[in-house]
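These notes concern the structure reproduced below.
Atoms within a ligand are numbered from 1 in the order they appear, just like the ligands themselves.
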Amino acid sequence: MIPVADELKGRDFTRVADWSRDELLQALDLADELKRLQAAREPHTLLPGRTLGMIFQKPSTRTRVSFEVGIYQLGGIGLYLSAGDLQLGRGETVKDTARVLSRYLDAIMIRTFAQGDVEELAEHADIPVINGLTDSSHPCQALADVMTIRERFGRLEGVRVAYLGDGNNVCASLMVACTRLGMSFVAATPKGYEPPPEVVALAREDGEVELTSEPHAAAEGADVLYTDVWTSMGQEEERARRLTDLAGYGIDAELVSAAAPEAIVLHCLPAHYGEEISEDVVYGPQSAVWDEAENRLHAQKALMALTIR
Ligand code: CP
Ligand code: NVA
């Protein structure tokens, strides 16, 4: 069995910012190795008999399937817990839920609205808590994204990432991951859709972050073009206004031609074609979105193998 260091055992992954550059690189290296082993159908049951509880308060395709398949491939089992079916949905506290689940499970993955609920769960659980998306962050996505970037370019240092559209949860986690790993980041958003200033300040402690309202200026010479939906889960009532405000910030073939010749296009998915991205770009030669989606599996397996005791 491949050796896995135990220094990260017991650690939570609720925000990218809590992991150092070296710790993130450790996860990326293991993810690459686990991807290779899976492709070769070589067993890598690093977590035999362990159970991952997966609490979902929002829908999911990638996160749910990649975590469930991932823990299974590592020799454990995943338990899908719809938040509405738990007593949590009827008012049982996050603290009590954390204490009880810690007695049954070996780790918890949670997708919910408030980042504070994830932090509270992590504070009171004795087992690792992994954030599977909140309104303000999506750290597992960012890990798979940087894995994909390194896989395509063979390096992270000096890569220029341009994010276009809504400065949302995906943008925030990606920005912190990029600067921590030596990349430069530019976000092109309309006024009122900028990433939160505290996240920008945090990312700027590690590297260069540019903010602009000009999509073309951001795309010019970029190595990576990234976008995400304009209406995130929970914002459905704002959809009409968002469509108007964000018009002009979508990625299409013309914008891709402004980027570096070898540039790749990423999108965390699900995509809304004709809004934040065109279908021909997602299915085009510069798209890396399918590898990016696959890499959720490998990156999260690495996270679990590193943190679960
Ligand atoms: N990218 C992502 O998190 O997808 P799901 O919402 O399908 O999990
Ligand atoms: N920003 C999106 C990401 C979906 C994976 C949302 O929060 O709905």
Side-chain angles (χ1 to χ4, degrees), residues 13-16 31 52-71 78 80-83 108-118 130-149 163-177 187-190 192-196 199 224-239 241-243 245-246 249-251 265-273 275-277 282 287-301 303-304:
F13 189 63
T14 63
R15 307 187 319 151
V16 173
L52 171 76
M54 308 182 298
I55 304 176
F56 281 95
Q57 205 154 16
K58 293 178 176 178
S60 169
T61 297
R62 282 143 287 270
T63 305
R64 193 247 163 111
V65 177
S66 56
F67 267 107
E68 192 162 340
V69 168
I71 186 73
Y80 177 78
L81 303 166
S82 167
I108 302 171
M109 191 252 40
I110 178 166
R111 164 169 288 196
T112 189
F113 294 89
Q115 180 76 20
D117 284 350
V118 177
I130 298 173
N131 175 358
L133 179 144
T134 66
D135 290 347
S136 57
S137 67
H138 198 357
C140 291
Q141 183 66 53
L143 198 63
D145 297 339
V146 294
M147 176 182 176
T148 310
I149 294 170
Y163 180 98
L164 287 96
D166 182 18
N168 62 13
N169 46 3
V170 167
C171 173
S173 294
L174 181 67
M175 182 190 308
V176 175
T189 65
Y193 291 83
E194 297 90 354
V199 180
V224 178
L225 292 182
Y226 199 116
T227 192
D228 181 21
V229 293
W230 289 345
T231 304
S232 284
M233 292 179 277
Q235 298 175 330
E236 289 77 9
E237 283 175 9
E238 300 171 15
R239 182 169 155 75
R241 177 167 58 80
R242 290 176 158 273
L243 276 179
D245 292 349
L246 285 146
Y249 286 82
I251 299 182
V265 178
L266 298 177
H267 187 310
C268 62
L269 302 176
H272 288 74
Y273 296 131
E275 294 180 20
E276 79 280 359
I277 200 159
V282 169
S287 167
V289 302
W290 313 113
D291 288 344
E292 178 188 13
E294 178 187 332
N295 286 341
R296 293 289 304 277
L297 171 69
H298 311 298
Q300 290 157 196
K301 282 168 73 178
L303 259 185
M304 290 190 282

Decide yes or no for F67 and S60: does some side-chain heavy atom of the first lie under 4.5 Å from some side-chain heavy atom of the second?
no

Have D117 and T112 got a donor and an acceptor in their side chains that come within less than 3.5 Å?
no

Are any side-chain N or O atoms of E236 and backbone N or O atoms of G234, one a donor and one an acceptor, separated by less than 3.5 Å?
yes

Check whether any side-chain N or O of T227 sits under 3.5 Å from a backbone N or O of L164 as a donor-acceptor pair, and report yes or no.
yes

Reference residue Q115; test side chain to side chain donor-acceptor pair (under 3.5 Å); the match among N169, D135, T134, T14
T134

Any sub-3.5 Å donor-acceptor pair from R111's side-chain atoms to P59's backbone N or O?
yes

Less than 4.0 angstrom from a charged side-chain N to a carboxylate O is my criterion; do R239 and E275 meet it?
yes

Considering non-hydrogen atoms only, spot the tightest contact between G167 and T189 and give its length.
N-CG2, 3.9 Å

Residue shell for ligand 1, any heavy atom closer than 4.0 Å, reads S60, T61, R62, T63, R111, H138, Q141, C268, L269, R296

Per the under 4.0 Å non-hydrogen criterion, ligand 2 touches L133, N168, N169, V170, D228, V229, S232, M233, L269

Apply the side chain to side chain contact (heavy atoms under 4.5 Å, CB included) test between I277 and each candidate in V289, L269, I251; give the one that qualifies.
I251

